[in-house]
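Only this structure's heavy atoms are used, side chains among them; waters, hydrogens and symmetry mates stay out.
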Amino acid sequence: MTAIVPSLATIDDFVVGSVGRSIPPSPRLDHLGRFLSSYSGSDKMFMVIQYTLKLIEPIMAWRARIQHRYGKRSEPVSRSAPGLAKIASLISDSRMLWRLFGLVPIFQWLSQLERVPPISRRLRTIERLQALSMLVYYPLEHLYYFGAHSIYNISPAKLASLSLWSTRAWTVYILLHFLHLREDVAHLIARGQALRRKLRQSREVKEKAGLDIKAPDNEVEAEIQAIKKRRTAILVDFVVNLAYFPQTVHWSLEKGYFTNDIWMSLFGFIAGIASFKGGWDATA
């Protein structure tokens with residue numbers, strides 16, 4: 001009786017192919033792939049991880065002290081906390097490295113502002129000033145990064161000054177962004193008012209024509225959904241910048257403002273979660 005020897009193709013399909021067959025198609029997985037394949041998406045993910053670890057680290061250290069006090073631990077030290085702090089620091093350093101090409105989209109932004117301006121003159125002025133603040137922020141941060149890693153010689157005082165002034169430029173950007181959001185809200189309100197007028201006129205026309213005023217209007221429904229989506233995006237953007245603001249103020253002062261770094265971690269975590277949601281919704 002002749003033994004049946006499976007071919008390499010059969011073995012390949014059965015063994016290697018089984019991995020792919022065990023993973024069902026998933027819209028959520030496709031969405032995650034789109035989100036993480038971009039620099040912005042991956043940075044938001046790492047930001048959430050970074051500040052989550054920075055929040056957990058002091059909690060672990062506090063837990064170790066409490067356990068030691070009640071005789072449940074020989075030393076008031078957490079073995080896991082230092083490792084979590086190191087990972088968070090590594091992610092922070094990596095995120096700063098990835099921003100080395102941050103000026104490229106800023107130049108694109110400045111160019112586009114003059115060719116495809118925003119819907120109002122005021123918004124255009126705000127965005128011009130925001131872009132210029134980033135032209136200050138990025139080079140100073142790059143110089144700080146290289147100096148902190150001893151790529152070139154710089155005194156600790158000058159290194160600290162680079163950090164302060166780069167963060168101050170970022171603070172200017174955030175303050176300008178609050179003005180931008182105020183303009184965004186005003187234009188969104190005007191857009192909603194225009195939609196209500198359109199609905200009222202459409203209802204009057206339908207009543208005169210004897211048509212059903214409750215009949216769905218695809219164009220109106222699309223505009224309603226667009227306004228809701230824009231309103232959510234503005235709210236998320238506001239939360240992100242509201243969380244960033246105390247961080248930038250703290251880092252803009254020579255001695256800082258907050259005495260406990262847990263506040264920086266908390267604000268960073270809030271900004272990270274809100275930023276992640278905004279990016280996730282934008283890539284849906």
Side-chain angles (χ1 to χ4, degrees), residues 26-63 78 80-81 83-99 102 105 130 134 137-138 141 166-167 170-182 184-185 188 225-252 256-284:
S26 170
R28 188 173 294 275
L29 184 62
D30 295 340
H31 188 181
L32 182 62
R34 289 194 306 273
F35 181 70
L36 295 180
S37 63
S38 66
Y39 160 75
S40 177
S42 58
D43 181 68
K44 289 175 174 59
M45 172 66 85
F46 277 116
M47 183 180 179
V48 172
I49 296 172
Q50 172 191 339
Y51 283 107
T52 299
L53 294 177
K54 294 188 76 170
L55 281 174
I56 294 175
E57 185 265 333
I59 294 174
M60 296 289 288
W62 172 80
R63 176 173 173 268
S78 170
S80 303
L84 297 179
K86 287 180 181 179
I87 295 175
S89 178
L90 179 63
I91 293 174
S92 176
D93 190 80
S94 299
R95 291 179 62 224
M96 192 177 294
L97 174 64
W98 295 334
R99 288 197 293 270
Q130 283 185 296
M134 290 293 98
Y137 166 76
Y138 277 112
E141 186 190 62
S166 66
T167 310
W170 184 17
T171 306
V172 170
Y173 174 90
I174 290 175
L175 290 173
L176 288 167
H177 203 67
F178 284 127
L179 296 178
H180 195 298
L181 289 173
R182 187 178 68 175
D184 290 338
V185 170
L188 190 66
Q225 293 304 315
I227 289 175
K228 288 181 178 179
K229 186 176 181 179
R230 180 58 183 152
R231 183 175 58 194
T232 300
I234 291 173
L235 178 60
V236 169
D237 208 8
F238 175 74
V239 172
V240 170
N241 284 273
L242 192 62
Y244 275 147
F245 183 66
Q247 283 190 313
T248 59
V249 170
H250 175 77
W251 291 326
S252 295
Y257 180 80
F258 298 96
T259 56
N260 192 332
D261 283 343
I262 192 70
W263 289 107
M264 294 296 95
S265 301
L266 179 61
F267 291 133
F269 177 77
I270 294 171
I273 292 295
S275 183
F276 184 95
K277 174 176 171 46
W280 183 265
D281 292 344
T283 55

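The main-chain N or O of Asp237 is found under 3.5 Å from a side-chain atom of Asn241 such that the two form a donor-acceptor pair. Remark: side-chain polar atoms of Thr171 are paired, donor with acceptor, to backbone N or O of Thr167 under 3.5 angstrom. In this structure, the side chain of Ser94 engages the main chain of Leu90 through a donor-acceptor pair within 3.5 Å.
Trp280 is not listed as a side-chain neighbour of Lys44, based on a closest heavy-atom distance of 4.5 Å or more. Put simply, the side chain of Phe245 reaches to within 4.5 Å of the side chain of Leu175, judged on heavy atoms. The shortest distance between side-chain heavy atoms of Trp98 and Ser42 does not fall below 4.5 Å. Side-chain contact between Gln247 and Phe258 is absent, with no heavy-atom pair separated by less than 4.5 Å. Using a 4.5 Å cut-off on side-chain heavy atoms (C-beta onward), Met47 and Phe276 make no contact.
Closest of all the heavy-atom pairs between Gly279 and Phe35 is C-CE1, 3.4 Å. Of all the heavy atoms in Ala274 and Val239, the pair that sits closest is CB-CG1, 3.8 Å. Nearest heavy-atom pair, Ala61 versus Ala81, reported as atom, atom and distance to 0.1 Å: N-CB, 4.3 Å. Contact between Ser80 and Met60 at its shortest, heavy atoms only, is CB-CE, 3.8 Å. Of all heavy-atom pairs spanning Pro58 and Ile262, the tightest one is CG-CD1, 3.6 Å.
In summary, Asp184 and Arg230 engage in a salt bridge, as defined by a charged side-chain N under 4.0 Å from a carboxylate O.
The local environment of CZ in Arg63 is sparse, with at most 12 non-hydrogen atoms from other residues, nucleotides or ligands closer than 6.0 Å. Atom OH of Tyr39 is surrounded by more than 12 heavy atoms from other residues, nucleotides or ligands within 6.0 Å.
Rounding to the nearest 0.5 Å gives a distance of 9.0 Å between CD1 of Ile270 and CG of Leu55. Interatomic distance, Ile56 CD1 to Tyr51 OH, rounded to the nearest 0.5 Å: 15.0 Å. Rounding to the nearest 0.5 angstrom, the gap separating the CD atom in Gln225 from the CD1 atom in Ile227 is 10.0 Å. Once rounded to the nearest 0.5 Å, the distance linking NE2 of His250 with CH2 of Trp263 reads 13.0 Å. Here the NZ atom belonging to Lys54 is positioned 14.0 Å from the CD1 atom belonging to Ile59, to the nearest 0.5 angstrom. Taken from CZ in Phe238 to CZ in Arg182, the straight-line distance is 12.5 Å, to the nearest 0.5 Å.
Proximity of the aromatic rings of Tyr244 and Tyr173 is defined here by a centroid distance below 6.0 angstrom, and this criterion is not met.
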### Steps toward salt bridge (Lys or Arg N to Asp or Glu O under 4.0 Å) verdict (Lys277, Asp281)
CA-CA 6 Å; Lys277 174 176 171 46; Asp281 292 344; 2.9 Å; yes
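In the model, Lys228 has no side-chain atom that pairs as donor or acceptor with a side-chain atom of Thr232 under 3.5 Å.
In this structure, Tyr137 and Trp170 have tilted ring planes: the angle between them lies in the 30° to 60° band.
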